Amino acid sequence: MQTVPLNQQVAVLTLRLLLGFIFLMQGYGKVFTYTVDGIYQMAFATQAYASIPKFLLLGTAYYTSYVELIGGLLLVIGLKRDYALYALASVLVLVTFGHGYAEPIWDLSHVMYRAMLLIALLLLPSQWDRFSIDYYINHSRSL
């Protein structure tokens, strides 16, 4: 078994927690504070999206809100990390398309920082992510 320096372990943990809490809190706000229907009314029920069918917009609001909530939680606890990252990446692609569709020149801060953290986690070896439930599950199986 390869020894992973503590700095690399802490770096991956920090990336995972930052991204996880960003998505978890955003999803929490959308699901429990504003409600998904409220988010739909605020963001999607505008003239910019008038040519897109309502069921697609409402489905997108529910999908992105719940994936942010659940995916963020999974990242925070370190469970099914890669699947959570894949799902969250799909949210970032949808959000990028949606913002670009509504307003071709838009504030990229909605996506760019999250995308950089997410891509970094996908590129770094998962073996460095030692402070996670996934690591302990996989480590206990190999004993």
Side-chain angles (χ1 to χ4, degrees), residues 1-2 4 6-104 106-143:
M1 176 180 267
Q2 177 186 2
V4 177
L6 182 61
N7 281 358
Q8 291 170 330
Q9 295 176 44
V10 171
V12 171
L13 172 66
T14 303
L15 284 171
R16 185 169 48 78
L17 289 176
L18 285 172
L19 186 63
F21 280 122
I22 289 168
F23 277 115
L24 174 64
M25 299 316 293
Q26 185 154 357
Y28 182 87
K30 288 179 179 180
V31 172
F32 298 110
T33 304
Y34 295 103
T35 74
V36 179
D37 289 324
I39 293 296
Y40 169 80
Q41 291 301 324
M42 287 187 323
F44 294 112
T46 65
Q47 188 60 35
Y49 296 105
S51 63
I52 299 176
K54 181 180 177 179
F55 77 93
L56 281 178
L57 295 172
L58 196 54
T60 299
Y62 273 90
Y63 176 79
T64 58
S65 299
Y66 279 96
V67 169
E68 287 172 351
L69 176 69
I70 296 165
L73 177 63
L74 290 174
L75 285 183
V76 168
I77 65 174
L79 181 63
K80 301 294 182 188
R81 182 191 91 147
D82 287 344
Y83 294 115
L85 290 172
Y86 303 153
L88 292 167
S90 74
V91 167
L92 292 178
V93 170
L94 280 169
V95 168
T96 300
F97 175 81
H99 282 294
Y101 181 84
E103 189 177 344
W106 57 284
D107 181 4
L108 295 175
S109 67
H110 295 288
V111 172
M112 291 310 294
Y113 295 111
R114 294 176 191 121
M116 287 186 285
L117 294 170
L118 189 143
I119 291 166
L121 281 171
L122 286 172
L123 292 174
L124 291 172
S126 60
Q127 297 82 3
W128 293 5
D129 200 357
R130 300 269 173 108
F131 301 109
S132 68
I133 292 174
D134 285 339
Y135 175 79
Y136 291 104
I137 290 171
N138 292 331
H139 185 69
S140 67
R141 286 184 189 159
S142 64
L143 292 178

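All figures in this text were calculated on a predicted structure; none of them were measured in a lab.
- Ala102 and Ala48 get closest at one heavy-atom pair: CB-CB, 3.7 Å.
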N/O donor to acceptor pairs below 3.5 angstrom from side-chain atoms of residues 115-128, sequence neighbours left out:
none

Show the atom names and distances, to 0.1 Å, of all donor-acceptor pairs under 3.5 Å that link a side chain in residues 13-23 to residues at least two apart or in another chain.
| from | atom 1 | to | atom 2 | distance (Å) |
| --- | --- | --- | --- | --- |
| Thr14 | OG1 | Val10 | O | 2.7 |
| Arg16 | NE | Asp129 | OD1 | 3.1 |
| Arg16 | NE | Asp129 | OD2 | 2.9 |
| Arg16 | NH1 | Leu75 | O | 2.6 |
| Arg16 | NH1 | Val76 | O | 3.3 |
| Arg16 | NH2 | Asp129 | OD1 | 3.2 |
| Arg16 | NH2 | Phe131 | O | 2.4 |

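- Considering only residues two or more places apart in sequence or on other chains, Tyr49 meets the ring-ring contact (aromatic ring centres under 6.0 Å, His included) condition with Phe44.
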Donor-acceptor contacts, no H, no angles, side chain residues 51-63, under 3.5 Å, sequence neighbours left out:
| from | atom 1 | to | atom 2 | distance (Å) |
| --- | --- | --- | --- | --- |
| Ser51 | OG | Tyr101 | OH | 2.3 |
| Thr60 | OG1 | Leu56 | O | 2.7 |
| Tyr62 | OH | Asp37 | OD1 | 3.3 |
| Tyr62 | OH | Asp37 | OD2 | 3.4 |
| Tyr63 | OH | Ser90 | OG | 2.6 |

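- Separation of atoms CD1 (Ile133) and CG (Asn138) is listed at 12.0 Å; rounding is to 0.5 Å.
- For Tyr136, the OH atom is densely surrounded, since the number of other residues' heavy atoms within 6.0 Å is greater than 12.
- Within the structure, side chain to side chain donor-acceptor pair (under 3.5 Å) contacts touching residues 108-123 (residues at least two apart or in different chains) are Gln26-Arg114, Asp107-Ser109.
- Residues Arg81 and Leu85 meet the side-chain proximity criterion, which asks for heavy atoms closer than 4.5 Å.
- When all heavy atoms of Ala84 and Leu74 are compared, the closest pair comes out as CB-CB, 4.0 Å.
- Note that OH of Tyr40 and OG1 of Thr46 are 9.0 Å apart. Values are rounded to the nearest 0.5 Å.
- Side-chain contact between Leu69 and Lys30 is absent, with no heavy-atom pair separated by less than 4.5 Å.
- With sequence neighbours excluded, the residues forming a ring-ring contact (aromatic ring centres under 6.0 Å, His included) with Tyr28 are Phe32, listed by chain and number.
- Here the shortest heavy-atom pairing between Met42 and Tyr34 reads CE-CD2, 4.2 Å.
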